[in-house]
Amino acid sequence: MSKSSFTIKKKNDRKSLTADIRDHVVYSLSKEAEAANERDMGKALSLALRDRLVERMIQTRDRYRNVKAKRMYYFSIEYLLGRCLGNSLCNMELLDLCEDIFKDMGYDLDEVRASERDPALGNGGLGRLAACFLDSLATLDMPGCGYGIHYEYGLFRQSIHDGYQKELADYWMMEGMPLQLERPDQAVIIPLYGKVVNTVTPDGDYLPMWMDWDDIIGVPYDIPIVGYGGKTVNYLRLFAARASQNFDMEIFNHGDYIRAVQRKVESEMVSKVLYPTESVSFGKELRLVQEYFLVACGLRDITRRFLAQNDDFDEFASYVAIQLNDTHPALTVVELMRFLVDEKRIQWGKAWEITRATCAYTNHTLLPEALEQWSVSLLEKVLPRHLQIIYEINKRFLKKVAAKYPGDSEKVRRMSLVTESGSKKVRMANLAVIGSHSVNGVSALHSKLVKTRLFPDFYELEPGKFNNKTNGVTPRRWLLKSNPVLARLLTDAVGKEWITDLSVLKRLDAYAQDSEFKALFMKAKRENKVRLGNFIHSTLSINVSPDSIFDIQAKRIHEYKRQLLNVLHIMHMYIQIVDHGNEPLSPRTFIFAGKAAPGYWEAKQIIKLIHSVADVVNNNPRTKDLLKVAFIPDYRVSLAEKIIPACDLSEQISTAGTEASGTGNMKFAMNGALTIGTYDGANIEMLEEVGEDNFYLFGLRQEEVEQTLTAHSYRPREVYNNSFEIRQVLGAILENRFSPDDHDLFRWIVDKLLAENEQYMHLADFQSYINTQGMVDKDYASKQLWAQKAILNTARMGKFSTDRTMQEYAEGIWNIKSIKG
Ligand SMILES: *Cc1c(COP(=O)(O)O)cnc(C)c1O
């Protein structure tokens with residue numbers, strides 16, 4: 001095969017960039033230069049940037065092709081990208097130049113960048129992880145791309161009315177998305193519905209025929225993903241559903257042309273909207289179709305690319321790795337089997353070998369309500385042939401299990417892909433486990449629990465395939481781009497190397513005792529606090545002091561994350577000041593941000609509670625200079641980038657054993673916040689890295705939580721009876737001190753916290769939590785001590801770069817390598 005090498009024409013100097021931006025204003029936007037506003041300039045810059053990214057994307061593709069590199073495809077139903085323009089400029093190292101160019105043209109690049117809408121095609125941690133992975137893969141020059149769904153509506157926007165969350169539709173492409181490339185030439189056709197007719201070949205072999213199916217077209221949109229330094233540009237390929245041109249002939253023949261078209265157009269619903277919750281299974285037909293659509297589009301794309309360079313599928317797994325981000329794309333296992341067996345006529349055993357060697361599965365949650373199950377009747381309707389294949393996989397698998405454990409019918413029942421309790425359902429997690437050669441959790445503790453709590457039978461059968469890959473975050477977006485003040489200071493201290501090798505920050509250890517550096521570090525922190533303070537003032541009209549402790553909990557609102565525990569502490573401080581005259585050493589600003597799933601009543605009530613407490617605390621003359629509470633609406637990546645650099649104290653307070661890893665915890669610590677946290681998820685590994693003197697640990701351990709709850713021996717009433725502080729706080733709620741105009745509004749909280757075996761054990765951890773908060777107050781009063789701890793947090797977070805995570809996946813699971821130019 002001839003080696004191709006594309007040459008780059010677009011230059012990155014001031015003159016060519018300026019000319020290209022001006023050209024795009026005229027030729028792409030059809031405007032005269034004088035009439036262009038900030039938003040137009042943003043589009044023109046994005047288009048000029050896209051030209052450059054596309055050239056490098058072609059070059060990268062050639063580089064991979066020329067060495068016939070093995071590629072990894074990341075299958076994820078969510079990508080929480082955040083704004084792309086600033087990030088791509090940053091990775092291309094064009095940010096300063098473009099700032100200059102725009103200044104010359106009379107525009108402020110920051111304002112231009114702020115006009116970009118966040119592509120929020122994800123709910124939270126799981127989708128953001130996928131986005132961080134893509135950044136690291138490109139930075140490491142690794143052939144790894146993302147596959148997902150091009151949702152027309154991303155995660156809902158949150159607005160607050162009278163303290164309650166309201167959801168608004170997020171039509172994120174309203175202003176266009178100039179960085180993406182539509183690829184109608186690479187569209188694929190996806191069959192679904194219909195029926196299976198069982199026939200035999202002329203040789204007498206069983207030949208199932210999937211007939212009378214409907215079809216949808218998947219049109220790819222590529223978003224270029226540029227690595228730091230601009231050498232490698234991979235892509236995120238998102239499929240949009242389009243109606244095919246094949247009419248339902250029956251309706252058509254009845255002369256109802258419009259209805260026939262309408263039926264087709266309805267198939268475009270598939271990529272219309274992202275489901276607004278993670279950690280919950282849906283059981284809704286549209287969601288199943290979305291999951292299948294992603295998998296079917298992705299696999300068609302992959303096999304087409306594979307066949308362009310290969311003739312048969314024996315070596316498929318030597319060139320293709322597919323990572324399943326949670327069970328949402330678990331149908332990959334079935335669709336690949338269907339393709340190999342039905343379309344390529346490969347013998348079952350061989351096909352199964354190929355499939356398992358190709359797929360790997362990442363588990364993201366231990367919450368039982370999150371484990372996906374699809375009813376057999378729904379699968380039969382939507383994917384009749386796939387259901388047959390699931391049964392066949394199950395039959396062969398259970399035969400092996402039964403042979404290995406003769407007489408253990410309980411074990412066979414537990415391991416079956418199909419649960420018979422109630423209506424028949426397929427367990428997607430079991431499917432993902434047996435169809436993969438690797439199963440990983442996302443922190444050391446979580447991976448242990450995946451083996452012992454979630455899949456003990458599967459672990460016993462195949463212990464070798466279970467492994468851990470602790471999450472990370474990309475230091476490009478979460479430090480270099482979001483915190484330029486600190487980034488500059490770090491580069492001055494240790495050199496630029498940290499940007500692509502975060503472990504280099506260890507060198508800062510030496511500066512933690514240096515009073516000049518401490519002053520600079522805290523000056524940077526203060527600048528970020530002033531900036532966030534101004535933002536809070538302009539959006540909420542709340543005055544906050546940059547000299548108070550910025551105590552922040554920003555993440556999805558969920559009972560297991562225990563925003564309630566945080567609020568109980570605020571109430572406790574309030575009561576101490578107002579009723580007892582006990583003032584803290586330092587004033588505090590409690591900042592919250594996070595969305596609640598629209599159907600999650602308790603989570604939405606917690607948002608109301610935070611606002612009600614804010615009303616009381618912020619306006620009482622006794623507390624208003626000591627305590628402030630601010631809920632910043634519409635948490636999303638661009639808001640996280642504003643909030644995180646300004647944080648002193650990061651709240652990571654989930655009940656031990658519930659947070660798989662967390663990644664918010666890493667972003668905060670990297671930016672010099674101290675963590676108050678439980679022994680849960682990646683907190684444990686962060687504590688190991690930063691040292692216990694630099695981490696505020698509190699609360700029960702996972703083993704203690706599990707023992708107590710499984711023995712049904714948690715008695716919150718006893719805790720209540722033994723604690724004066726708890727009685728005071730819950731008493732204040734019952735006395736309506738935080739709901740003076742709406743009596744009994746929060747009574748449910750007291751009832752819930754006192755309910756027997758309350759599953760998140762809020763009150764059990766309360767005393768330990770407020771004691772530890774007291775230590776925070778004491779330590780913060782010593783500026784030198786606090787600065788030292790903050791610096792050591794930034795210095796010792798090297799492990800939590802997704803560069804490290806991706807290297808571990810590449811070596812341990814995917815067997816892919818860096819392909820450098
Ligand atoms: C990092 C991030 C999350 C995940 O936060 P956790 O604290 O790990 O739950 C959620 N949403 C956004 C916008 C993020 O940037």
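For this chain, numbers begin at 1 and follow the sequence in order. Only heavy atoms go into these numbers, but all of them, side chains included; no hydrogens, no water, no symmetry mates. For ligands, and for the atoms within them, numbers begin at 1 and follow the listed sequence.
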Considering only heavy atoms of [X], which atoms of ligand 1 have at least one such atom less than 4.0 Å away?
{"X": "Arg636", "result": "13 (C)"}
{"X": "Lys555", "result": "6 (P), 7 (O), 9 (O)"}
{"X": "Lys561", "result": "9 (O)"}
{"X": "Gly124", "result": "10 (C), 11 (N)"}
{"X": "Gly662", "result": "8 (O)"}

(Q) Can you report which non-hydrogen protein atom sits closest to atom 11 (N) of ligand 1, along with the distance? (A) Tyr635 CE2, 3.6 Å

Q | Residue, atom name and distance, where the atom is the protein heavy atom closest to atom 5 (O) of ligand 1 | A | Gly664 N, 3.8 Å

Q.
Between ligand 1 and Lys667, can you find any atom pair, the residue atom being a heavy atom, that is separated by under 4.0 Å?
A. yes

Q: Kindly confirm or rule out an N or O of Thr663 lying under 3.5 angstrom from an N or O of ligand 1.
A: yes

Q. Do any nitrogen or oxygen atoms of Trp478 come within less than 3.5 Å of a nitrogen or oxygen of ligand 1?
A. no

Q. Side-chain contact, heavy-atom cut-off 4.5 Å: Asp551 with Asp648?
A. no

Q.
What I want to find out is whether Glu602 reaches Lys752 closely enough, with some N-O distance under 4.0 Å, to be called a salt bridge.
A. yes

Q | Heavy-atom pair of closest approach, residues Glu152 and Trp172 | A | O-CD1, 3.2 Å

**Q.** Nearest non-hydrogen partners of Ile676 and Gln773, listed with the distance
**A.** CD1-CD, 3.6 Å

